[in-house]
Amino acid sequence: MKVVILAGGKGTRISEESQLRPKPMIEIGGRPILWHIMKIYSHYGFREFIICCGYKGQMIKKYFINYHMYQSDSTFSLADRHIAAQGGYVEPWQVTLANTGLHTFTAGRILKIRDYIEDEEFLLTYGDGVADVDIPKLVAYHRACGKLATVTATRPAGRFGTLRMDQETNQVLGFREKAQADQAWVNAGFMVLNRGVFDYLGDGSQMLEAGPLERVAECGEMAAYLHGGFWSPMDTLRDKEYLEGLWESGQAPWKIWKDIEDQG
């Protein structure tokens, strides 16, 4: 089953970083967040990727062209202009980089990679969010539900504490931290889709969630896989610093792969 990753947006809310590189190439622990996402899927044996490129997509292509060189020692013979990579761990990935356009909406990006999807099902996620989702359990749930689409739903941890107040006098009675249970369910990505979803994408001139997935839901063809574990997007610089802190502390919940898999 192939994994489609949406990696073409501009990431305007984290412009401090995205003005220099595409958002999926912003680094956490010295590695692009795109790499972290791919490691999550690869850990579970999903190693065929289709990356929908757009904004500064050439940087993503250069990263994979030079991937082996980045992971290994290198010997440069300057006289004959020969370069040899020595050792190093290389991921067992097959990666298709699809140029889906600079200004294309997410539904259109998925339409543009339709010919690369041979199987009845495929996995889809955004190139800016990490989670400790159990992908095989997600796929099994999707198949058991028998729907065209399954989205991973989660309640993100709140960022602001709440006040306990007397409703009549507005007297503050105390404070408490915002809990996950107080939040609304959101789409965390990590979706499983059947090929029938392509019929709902129209001409591709909408964002995926704005129209196409709404139509799928209205037809009763969407299920939600409830995820109570870790999930975090990287929308802002604050998000990046949060994820970076988790990684540097050795407590990144999305790092579900073993160290032996991470020899680079």
Side-chain angles (χ1 to χ4, degrees), residues 3-44 46 49 51-56 59-60 63-64 67 70-71 91 93 95 106 123-135 138 151-161 177-180 182-191 209 225-259 261-264:
V3 182
V4 179
I5 302 177
L6 293 167
K10 291 186 176 181
T12 54
R13 283 181 288 182
I14 192 170
S15 59
E16 301 93 336
E17 291 272 355
S18 63
Q19 62 181 335
L20 302 175
R21 70 194 82 186
K23 191 177 180 184
M25 293 302 293
I26 297 173
E27 295 182 352
I28 303 297
R31 304 277 193 152
I33 191 171
L34 177 63
W35 177 88
H36 290 261
I37 295 167
M38 295 171 75
K39 288 287 285 186
I40 295 168
Y41 281 101
S42 180
H43 171 75
Y44 290 113
F46 299 97
F49 298 93
I51 301 176
C52 299
C53 301
Y55 174 70
K56 295 187 182 295
M59 296 186 69
I60 299 177
Y63 177 76
F64 285 102
Y67 189 88
Y70 293 147
Q71 311 308 314
E91 305 292 347
W93 299 342
V95 184
T106 46
L123 299 161
L124 172 70
T125 197
Y126 303 107
D128 62 355
V130 288
D132 57 356
V133 176
D134 188 315
I135 307 297
L138 166 64
V151 300
T152 294
T154 190
R155 285 172 165 166
R159 297 187 177 184
F160 303 99
E177 291 297 318
K178 193 77 169 177
Q180 277 188 300
D182 297 320
Q183 304 299 303
W185 291 96
V186 301
N187 175 16
F190 295 92
M191 295 171 262
E209 293 186 25
Y225 176 77
L226 304 185
H227 175 59
F230 177 86
W231 169 76
S232 179
M234 191 181 63
D235 285 333
T236 66
L237 190 58
R238 177 180 176 181
D239 294 333
K240 178 188 182 303
E241 292 170 348
Y242 168 64
L243 294 174
E244 186 78 35
L246 289 175
W247 185 266
E248 293 301 326
S249 71
Q251 299 178 0
W254 71 90
K255 187 182 182 299
I256 54 178
W257 56 90
K258 296 178 182 179
D259 289 337
E261 297 175 66
D262 181 20
Q263 297 177 27

task = Just do the side-chain contact (heavy atoms from CB on, under 4.5 Å) check on Leu34 and Tyr63 with the steps written out, would you?
result = CA-CA 11 Å; Leu34 177 63; Tyr63 177 76; 5.8 Å; no
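The heavy-atom pair separating Gly127 from Ile5 by the smallest distance is CA-CG2, 3.7 Å. Between Asp235 and Asp239, the shortest heavy-atom distance links the atoms N-OD2, 2.9 Å. Closest approach of Phe190 to Ala131, counting heavy atoms only: CE1-CB, 3.8 Å. Between Gly29 and Glu248, the shortest heavy-atom contact is CA-OE2, 3.9 Å. Shown here for Ala184 and Pro156, the closest heavy-atom pair between the two residues is O-CD, 3.8 Å.
Note: Glu91 CD to Phe49 CZ = 8.5 Å, rounded to the nearest 0.5 Å. Here the OG1-OH distance, from Thr125 to Tyr41, works out to 4.0 Å after rounding to the nearest 0.5 Å. Distance check: Ile26 CD1 to Glu244 CD gives 11.5 Å after rounding to the nearest 0.5 Å. Rounding to the nearest 0.5 angstrom, the gap separating the OG atom in Ser232 from the CG atom in Asp132 is 11.5 Å. The CD1 atom of Ile135 lies 7.0 Å from the CD1 atom of Ile256; values are rounded to the nearest 0.5 Å. Distance CE/Met234 to CD1/Ile14: 5.0 Å, rounded to 0.5 Å.
Residues Ile40 and Val133 fail the side-chain proximity criterion, which asks for heavy atoms closer than 4.5 Å. Side chains of Ile37 and Trp254 form no contact here, defined as non-hydrogen atoms less than 4.5 Å apart. Considering only heavy atoms from C-beta on, Ile60 comes within 4.5 Å of Pro22 through its side chain. Side-chain contact between Trp257 and Ser42 is absent, with no heavy atoms from C-beta onward closer than 4.5 Å.
Residues Asp134 and His227 bring no donor and acceptor atom of their side chains to less than 3.5 Å of each other.
No donor-acceptor pair under 3.5 Å is formed between the side chain of Thr154 and the backbone N or O of Ala188. Within the 3.5 Å criterion, the main-chain N or O of Ile33 finds no donor-acceptor partner in the side chain of Glu27. The backbone N or O of Gly245 sits less than 3.5 Å from a side-chain atom of Ser249, completing a donor-acceptor pair.
Between Trp185 and Trp231, the distance separating the two ring centers is not shorter than 6.0 angstrom.
Ring geometry for Tyr67 versus Phe64: interplanar angle under 30°, hence parallel rather than tilted (30 to 60°). Classified by interplanar angle (parallel below 30°, tilted 30° to 60°, perpendicular above 60°), the ring pair Trp247/His36 is perpendicular.
Partners of Phe46 under the ring pair (Phe, Tyr, Trp, His ring centres under 6.0 Å) rule, at least two apart in sequence or in another chain, do not exist in this structure.
When Lys23, Lys10, Lys240 are each tested for a salt bridge (Lys or Arg N to Asp or Glu O under 4.0 Å) with Asp128, only one passes: Lys23.
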